[in-house]
Amino acid sequence: MTPMRLVYIYHSGFVLETDRFALLIDYYRDTCPDGGFVHTELLRRSGTIYVLASHFHPDHFNPEVLSWREERPDIRYIFSRDILRRRRARAEDALYLRKGEVYADDDVRIKAFGSTDVGISFLIETEGKRIFHAGDLNNWHWQDESTPQEVAQAEGNFLKELEALAAEAPRLDLALFPVDPRIGSDFARGARQFVERIPTRMLVPMHFWERPEEVRGFAPVAEANGCRYVTLAEPGMSLEIE
């Protein structure tokens, strides 16, 4: 197994990088407005580059990525099928996955799981590790402003998707999961349910916008469930995946 590094790009965007290849997931914008890690390092590195997008929302899919093929003709695009359905890209631009479908080659195996919003989430198996990027899968319950029925429905939908993931991935090495303080007082409920249901070695929060300090408080809950919790608060921050 080769060393693996996780680089936080912005919002829900991350790069998983090895010596031989790299995966860029849910690119929204680079680490710096004038061209950060993606443009100055990722696109100039050797090895295969995979670009994954979990759904069409503009904070998860930037059509700019398709122009990179001019610079890197060997780039591989793996998108949720709703991006094609919403006409954000053409059929020939990418491989499109529905929930339950798989892309696999000699380096990676990527299976599409469900979402509680739009599109899919990704279970990535590579270098002997299982890594999950949730996309917009979360318990989006908005408890402070929703009716009890809406809260119960949101939770039921999330727990159903969580069970489907747990059936195939009873343990994870890394989860990239939304911990979004905009939800309100119980904003980490989905993350708590996730680490309680699926033993996870490390969880890195995402989708926290410009409010990283507010999501640090989830650490004791994660650690109580045997999960290391690491907040990459600033774009460009990275960590080694052991």
Can you list the other members of the hydrophobic cluster that holds Tyr27, where links are side-chain heavy atoms under 4.5 angstrom apart?
-> Val7, Ile9, Val15, Leu24, Phe37, Val38, Leu42, Leu43, Ile49, Val51, Phe56, Phe61, Val65, Leu66, Trp68, Ile75, Tyr77, Phe79, Ile83, Leu84, Tyr96, Val118
Does a donor on one side chain sit under 3.5 Å from an acceptor on the other, for His207 and Asp136?
->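 Yes - a donor-acceptor pair under 3.5 Å links their side chains.
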Do Glu210 and His11 have side-chain atoms, one donor and one acceptor, less than 3.5 Å apart?
->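 On atom types as modelled, these side chains do not qualify, holding no pair under 3.5 Å.
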Do Arg197 and Leu159 pass the side-chain contact (heavy atoms from CB on, under 4.5 Å) test, and can you show the C-alpha distance, the side-chain angles, and the key distance before you say yes or no?
-> CA-CA 9 Å; Arg197 180 63 186 88; Leu159 294 178; over 6 Å; no
Taking atom CG of Leu52 and atom CG of Leu16, what is their separation to the nearest 0.5 Å?
->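 Those atoms lie 9.5 Å apart.
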Euclidean distance, Asp180 CG relative to Asn138 CG, rounded to 0.5 Å |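 Asn138 atom CG to Asp180 atom CG measures 7.5 Å (nearest 0.5 Å).
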Do the side chains of [X] and [Y] get close enough for a salt bridge, i.e. N-O under 4.0 angstrom?
| X | Y | answer |
| --- | --- | --- |
| Arg189 | Glu155 | yes |
| Arg211 | Glu214 | yes |
| Arg130 | Asp173 | no |
| Glu127 | Arg20 | yes |

Quick one: ring-ring contact (aromatic ring centres under 6.0 Å, His included) pairs with a partner in residues 221-242, sequence neighbours left out?
->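 Qualifying pairs, neighbours excluded: Phe218-Tyr229.
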Transitive ILVMFWY side-chain link [X] to [Y], under 4.5 Å:
| X | Y | result |
| --- | --- | --- |
| Leu95 | Leu23 | yes |
| Val151 | Phe187 | no |
| Val102 | Leu123 | no |
| Tyr10 | Ile25 | yes |

Dump the intermediate steps for side-chain contact (heavy atoms from CB on, under 4.5 Å) on Asp26 and Leu176, then the final yes or no.
-> CA-CA 11 Å; Asp26 278 12; Leu176 308 170; over 6 Å; no
I'd like to know if the side chain of [X] reaches the main chain of [Y], judged simply by a donor and an acceptor atom lying under 3.5 Å from each other, with no hydrogens or angles considered.
| X | Y | answer |
| --- | --- | --- |
| Asp93 | Arg90 | yes |
| Asn225 | Cys227 | no |
| Thr200 | Leu203 | no |
| His133 | Gly135 | yes |
| Thr116 | Leu137 | no |
| Asn139 | Gly190 | no |

Is there side-chain contact between [X] and [Y], with heavy atoms separated by less than 4.5 Å?
| X | Y | result |
| --- | --- | --- |
| Pro205 | Phe177 | no |
| Met237 | Thr231 | no |
| Asp19 | Pro3 | yes |
| Asp186 | His141 | yes |

Glu168: partners by salt bridge (Lys or Arg N to Asp or Glu O under 4.0 Å), with sequence neighbours left out =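 Glu168 satisfies salt bridge (Lys or Arg N to Asp or Glu O under 4.0 Å) with Arg109, Lys111 once adjacent residues are dropped.
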Under the salt bridge (Lys or Arg N to Asp or Glu O under 4.0 Å) test, residues paired with Arg192 that sit two or more places apart = Glu196
Test side-chain contact (heavy atoms from CB on, under 4.5 Å) applied to Leu172 and Phe194, step by step = CA-CA 11 Å; Leu172 292 168; Phe194 190 95; 3.6 Å; yes
Test side chain to side chain donor-acceptor pair (under 3.5 Å) applied to Glu234 - qualifying residues, sequence neighbours left out | none
Plane angle bin for Phe132 and Phe113 - parallel if under 30°, tilted between 30 and 60°, otherwise perpendicular |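 If you compare the ring of Phe113 with that of Phe132, the planes turn out perpendicular.
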Sequence neighbours excluded - salt bridge (charged side-chain N to carboxylate O under 4.0 Å, His left out) pairs with any residue from residues 74-84 = Arg72-Asp74, Arg76-Asp105
Near Glu101 CD, under 6.0 Å, is it more than 12 heavy atoms from other residues, nucleotides or ligands?
-> yes
Does atom CD of Gln153 have more than 12 heavy-atom neighbours, drawn from other residues, nucleotides or ligands, at distances under 6.0 Å?
->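 Result for CD/Gln153: open.
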Given Leu6 and Glu17, is the side-chain contact (heavy atoms from CB on, under 4.5 Å) satisfied, shown in steps?
-> CA-CA 6 Å; Leu6 178 72; Glu17 193 171 43; over 6 Å; no
